[in-house]
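Take a look at the structure below.
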Amino acid sequence: MAQVVIMMGSKSDEEKVSPCVDVLRSLGISYLFTVSSAHRTPERTEKILREQEAAGARVFICAAGMAAHLAGAVAARTTRPVIGIPVSGGLMGGMDAMLATVQMPPGFPVATVAMDKAGARNAAWLAAQILAVADPALDEKIRAARARMQAGVEEAAAEIEARYGC
């Protein structure tokens with residue numbers, strides 16, 4: 001069973017969205033990573049949503065560019081948390097995807113993260129935090145990962161300060 005379902009609107013988004021998988025794997029969170037388009041394959045999107053929801057999926061992450069309606073289409077059909085990753089590209093450099101993802105009608109929220117790889121990583125972290133509300137072991141893994149990130153910054157600061165005689 002996948003706890004988190006990651007859908008991207010096009011295979012061409014894979015490079016920008018795959019860092020999401022890296023974070024989920026590092027935390028031991030089960031996932032499904034697939035392609036489905038809100039416009040080109042609406043029946044497939046509906047089928048994935050229904051099957052994964054019935055199997056126990058807890059969070060949906062949707063990445064799309066251009067019109068970027070995938071996250072909204074999913075949010076319209078589930079009460080589970082939906083996280084949207086706007087994907088850059090096209091004439092507007094991703095601003096169209098950002099606006100389409102963030103501007104949802106009341107009652108159908110999509111938690112929107114940054115674009116592309118940074119957004120993919122944060123979507124996974126947010127999904128993990130949602131799951132950790134009911135999973136103390138996962139909460140501890142997140143805290144430990146944050147402590148490692150903090151230590152990395154401290155090490156970098158010490159290195160820079162030593163190099164420049166501060």
Side-chain angles (χ1 to χ4, degrees), residues 1-105 107-135 137-139 141-142 145:
M1 172 209 53
Q3 294 172 285
V4 177
V5 176
I6 309 159
M7 288 189 265
M8 55 186 174
S10 172
K11 186 180 183 313
S12 64
D13 299 333
E14 181 180 5
E15 181 184 338
K16 295 174 182 175
V17 179
S18 63
C20 186
V21 170
D22 299 334
V23 173
L24 295 174
R25 279 183 184 159
S26 75
L27 295 169
I29 297 171
S30 60
Y31 62 89
L32 170 69
F33 187 30
T34 192
V35 176
S36 193
S37 169
H39 297 106
R40 295 182 303 261
T41 59
E43 295 84 8
R44 175 176 168 70
T45 302
E46 176 78 23
K47 182 176 186 256
I48 291 166
L49 175 67
R50 292 290 163 237
E51 288 176 354
Q52 293 302 312
E53 197 172 53
R58 306 289 305 274
V59 180
F60 291 88
I61 297 174
C62 302
M66 298 175 73
H69 292 294
L70 183 57
V74 170
R77 291 171 176 80
T78 187
T79 58
R80 309 277 166 88
V82 177
I83 303 167
I85 307 168
V87 177
S88 65
L91 295 175
M92 297 183 73
M95 187 55 71
D96 51 342
M98 177 67 75
L99 292 172
T101 306
V102 77
Q103 294 181 339
M104 293 298 299
F108 300 89
V110 171
T112 307
V113 294
M115 285 188 235
D116 301 335
K117 291 180 179 183
R121 285 189 288 274
N122 271 342
W125 285 111
L126 181 54
Q129 288 177 246
I130 291 167
L131 295 171
V133 168
D135 185 342
L138 180 56
D139 184 71
K141 286 181 184 179
I142 294 168

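Between the Ser18 side chain and the Glu14 main chain, a donor and an acceptor come within less than 3.5 Å of each other. Using a distance-only test at 3.5 Å, with no hydrogens or angles considered, a donor-acceptor pair links the side chain of Lys16 to the main chain of Ser88. The backbone N or O of Gly84 lies less than 3.5 Å from no partner atom in the side chain of Thr112, so there is not a single donor-acceptor pair. Without hydrogens or angle criteria, Arg40 side chain to Gly9 main chain gives a donor-acceptor distance under 3.5 Å.
Taking all atoms of both residues into account, the shortest heavy-atom contact from Val87 to Ala63 is CG2-CB, 4.0 Å. Minimum heavy-atom separation, Leu70 to Ala64: CB-CB, 4.1 Å. The heavy-atom pair separating Ile29 from Ala128 by the smallest distance is CD1-CB, 3.6 Å. Scanning both residues, Lys117 and Pro19, for their nearest heavy atoms gives CG-CG, 3.8 Å. Listed here is the closest heavy atom pair of Ile85 and Ala120: CD1-CA, 3.6 Å. When all heavy atoms of Tyr31 and Ala2 are compared, the pair lying nearest together is C-CB, 3.6 Å.
Here the CD atom belonging to Gln3 is positioned 7.5 Å from the CG atom belonging to Leu138, to the nearest 0.5 angstrom. Remark: Arg121 CZ to Asp116 CG distance equals 10.0 Å, nearest 0.5 Å. The distance from atom CD of Glu53 to atom CZ of Arg58, rounded to the nearest 0.5 Å, is 11.5 Å. Distance check, rounded to the nearest 0.5 Å: CG of Asn122 to CD1 of Ile83 gives 9.5 Å. The distance from atom CD1 of Ile6 to atom OG1 of Thr34, rounded to the nearest 0.5 Å, is 10.0 Å. Here the straight-line distance linking atom CD of Gln103 with atom OG1 of Thr101 works out to 10.0 Å at 0.5 Å rounding.
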Val82 vs Phe108, test: side chain to side chain contact (heavy atoms under 4.5 Å, CB included). Steps then yes/no. CA-CA 9 Å; Val82 177; Phe108 300 89; over 6 Å; no

Just do the side chain to side chain contact (heavy atoms under 4.5 Å, CB included) check on Val4 and Leu131 with the steps written out, would you? CA-CA 9 Å; Val4 177; Leu131 295 171; 3.9 Å; yes

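Under the 3.5 Å distance criterion, with hydrogens and angles disregarded, no donor-acceptor pair is assigned to the side chains of Arg77 and Thr45.
Atom CE of Met104 has more than 12 heavy atoms from other residues, nucleotides or ligands within 6.0 Å. Heavy-atom neighbours of Gln129 CD from other residues, nucleotides or ligands within 6.0 Å: above the threshold of 12.
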